[in-house]
Amino acid sequence: MKKLCFDLETTGLDVHTCRILGIAFCCMPLKAFYVSFSEDEQKTKKYLERLRPIFEDDSITKIGHNLKFDMNVLRSYGIKVKGPLIDTMVMDYLIHPDDKKHGLKKLSLQHLNYQQLTFNDVAMNSNRNEKTLEGVHSKIVTNYACEDADQTFQLYNHFNPLIGKYKLDTVYKLDCQLVSVLADMEYNGVLIDKKELKKIEKDVELKIGDAKLRIEQFTKGTVLISSPPQISMFLFEELALTPMGERGENGHYSVSQNVLHKLVGEHQIIGALLDYRGSSKVKTTFIKALKNINPKTGRLHTSYNQTVAATGRLSSSKPNLQNIPSQTIGKQLRACFKTPKGYSLIGADYSNIELRVTAHLSQDKKMLNAYRTDVDLHTLTTSKIFNIPYEEVTKEKRGVGKTVNFGLLYGMSAFGLSEKLSREGTGYTIEECTQFINDFFELYEGVKKFSDDLIYRATTKGYAETMIGRRRPLPELQSNDTSEREAGKRKALNTPIQGTAADILKIAMVSIYNRLKKEGLKSKMLLQVHDELLFEVPDGEKNIMKKLIRLEMVNAVHLSIPLEVDLKIGKSWKEAH
DNA sequence: TATACCGCGTT
DNA sequence: GACGTACGCGGTATAG
């Protein structure tokens, strides 16, 4: 199999608008060369045309560091990179999932003991006082660019045997296949209804103004509302309210939502503060996020980071579309995610995927049985902890059971459970919560064994792992510090569950992507939110897509129990969620 | 200007 | 004494 290692030098802010300055290639025996492009875009395009056959050759494996970026830049020039992909950033992530940085230059120093030239070493100040490679002598740029390609290729050679040694082959193949899928999703972007968004913004601004007036009745403008320390001093010194929380690092009592909730009724300002916080969060975080529409495409493009979440999950940034609210105001925000004429959105959610994974991995009889016979697990847990018949579980009580179910997957304590429940509006003492936890493990004996076993295995092996072999080293399990060790135990429990669920999503994404390509369908995958996928489909493909999506998601892996998928279709994310 | 901390949205 | 996983990102405060 032919392999090609390459790296782009670019300038500009995003893949849709940036320009390619040149491309460095590296081949065996270690030899790198650089193709410098012209300032003239027409010439650049002419050069790229000559390279197109290489990039689009299915039989050539492409090696790169953060290939997704380079692929999307090439895509904006009309070149679709094909063939198997190998990403050295992904390789380092698989071996060191907890590392915060996987940059090429850092890895080069760390693994190859080579100090690369930095961008600042070679870049020059432009007239706009920005550092750029434009105008730098071609010999210098060549040197710099070729180092990147060369080091990438050497890193590939360095990591390759380690992937086999740590038995990461399966997950490595999966994550590399996912690179193209994510590149496409980022490139596609999602359509936002600007008018709808503006309406919400106006509405929220009114609410902020109202809350601000109510607050300033008391503060008389002496306090910066968005400053926790100032609010803390005002509440606990000026008004002499009783601090409910702990002092933070900066010596001030906490004024978090949690604390404020407990003070509602003590003073009118509390409710106003909560209103202000809620509305200003919506305006400054979410509405602002949705305004980041790319002028060139008219759509909103997020970035998916494949190498930050140590469990194997993806993360989304610039903007983060994985934390758009889902309740109340979230419904309005999600109504702004629209389709072009003639298209619909399909949302597909795995139902209870983490609990199903837990049932499978633990082989707990009661859990398996529940999922095989369509018993609702949250209701089952609820009936046990309140000692009431399954049929008599109310919606409110079921919410408690649900929290207990999730809490236990994270290794939550009775204290934590009590806090969480009170945040959700139902108060239970720590004693009651201790009872809930005991009841839970009495009901699901297999989960107790499973949990102990996971911690034991992670401690002896030194790492936690998912069903398909994704690893997370947990050296903290050997720590002398109790709280570090306890945190390690929670990770040892949670990582296989959250990570396996993440693997399943990724497998489904790759299968769906491959089928879309193979069958020449026009539908596009747009978003992933941990257990949910969102697609934009031409109306003519609605029916075939509904079947295809469900089939590939349900069959992503074979567990002891079926995977279930909720599908919804509509003209906005609100309707498709 | 860069970094730390608090706070808060999702799963 | 602490007490829930995994994140991104807004604001203020503080260090340089």
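Since this is a predicted model, take the numbers as computed values, not measurements.
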Shortest side-chain distance from [X], nucleotide among [options]:
| X | options | value |
| --- | --- | --- |
| A:N320 | C:dC3, C:dC9, C:dG10 | C:dC9 |
| A:Y410 | C:dT5, C:dC9, C:dG11 | C:dT5 |
| A:V308 | C:dT5, C:dG8, C:dC9 | C:dG8 |
| A:H530 | B:dT11, C:dG8, C:dT12 | B:dT11 |
| A:S326 | C:dA6, C:dG10, B:dT11 | B:dT11 |
| A:K100 | C:dT5, C:dG10, C:dC7 | C:dC7 |
| A:V255 | C:dC3, C:dT12, B:dG7 | B:dG7 |
| A:P228 | C:dC7, C:dG11, B:dG7 | B:dG7 |

Within the side chain of A:Q306, is there an N or O that forms a donor-acceptor pair under 3.5 Å with the backbone of A:D175?
->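 Yes, because the side chain of A:Q306 sits within donor-acceptor range (under 3.5 Å) of the backbone of A:D175.
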Please figure out whether A:S317 or A:T311 has its closest DNA chain C nucleotide nearer the 5' end.
->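 With A:T311 and A:S317 compared, the 5'-side residue is A:T311.
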Distance check: side-chain N/O of [X] vs OP1/OP2 of [N], anything under 4.0 Å?
| X | N | value |
| --- | --- | --- |
| A:S226 | C:dT12 | yes |
| A:R277 | B:dC8 | yes |
| A:Q230 | C:dA13 | yes |
| A:R472 | C:dA6 | yes |
| A:S256 | B:dG7 | no |
| A:Q257 | B:dG9 | yes |

Students often get this wrong, so: under 4.0 angstrom with heavy atoms, is [X] touching a base, only sugar-phosphate, or nothing?
| X | value |
| --- | --- |
| A:I324 | sugar-phosphate |
| A:S254 | sugar-phosphate |
| A:K491 | sugar-phosphate |
| A:R313 | base |
| A:F406 | nothing |
| A:A310 | sugar-phosphate |
| A:S483 | nothing |
| A:V282 | nothing |
| A:G416 | sugar-phosphate |
| A:T482 | nothing |

Run through A:L526, A:D193, A:L527 and flag the one making a side chain to side chain contact (heavy atoms under 4.5 Å, CB included) with A:F337.
->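 It is A:L527, the one option of A:L526, A:D193, A:L527 that forms the side chain to side chain contact (heavy atoms under 4.5 Å, CB included) with A:F337.
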Using side chain to side chain contact (heavy atoms under 4.5 Å, CB included) as the criterion, point out the one residue from A:L567, A:L534, A:L533, A:D566 that pairs with A:D349.
-> A:D566
Establish, from distance only, whether the side-chain atoms of A:Q498 and A:H530 form a donor-acceptor pair under 3.5 Å.
->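 No donor-acceptor contact under 3.5 Å links the two side chains.
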Any N/O donor-acceptor pair, A:K281 side-chain to C:dG10 base, under 3.5 Å |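 Check fails, no donor-acceptor contact within cut-off.
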Could you tell me whether the side chain of A:Q322 has a donor or acceptor atom within less than 3.5 Å of a complementary atom in the base of B:dT11?
->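 Counting by modelled atom types and ignoring angles, no donor-acceptor contact under 3.5 Å is found here.
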What is the distance, to the nearest angstrom, from the [atom1] atom on [X] to the [atom2] atom on [N]?
| X | N | atom1 | atom2 | answer |
| --- | --- | --- | --- | --- |
| A:E484 | C:dG1 | CD | P | 19 Å |
| A:N323 | C:dT5 | CG | C1' | 16 Å |
| A:L474 | C:dA6 | CG | P | 9 Å |
| A:L224 | B:dC6 | CG | C1' | 14 Å |
| A:N292 | C:dC9 | CG | P | 10 Å |
| A:L260 | B:dG7 | CG | P | 9 Å |
| A:L527 | C:dC7 | CG | P | 20 Å |
| A:R423 | B:dG7 | CZ | P | 13 Å |

Determine whether more than 12 heavy atoms belonging to other residues, nucleotides or ligands lie under 6.0 Å from atom NZ of A:K105.
->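 Yes, the 6.0 Å shell around NZ holds more than 12 heavy atoms from other groups.
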Would you say A:Q268 has more than 12 foreign heavy atoms packed within less than 6.0 Å of its CD?
-> no
Hey, are the side chains of A:M525 and A:N188 touching, using non-hydrogen atoms and a 4.5 Å cut-off?
-> no
Quick one: CG on A:D92 to NZ on A:K101, what's the gap to the nearest 0.5 Å?
->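 Reported to 0.5 Å precision, the distance equals 13.5 Å.
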Using the P atom as the reference point in each nucleotide, state the distance between C:dC3 and B:dC6 in Å, no decimals.
->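 Here C:dC3 and B:dC6 have their P atoms 13 Å from each other.
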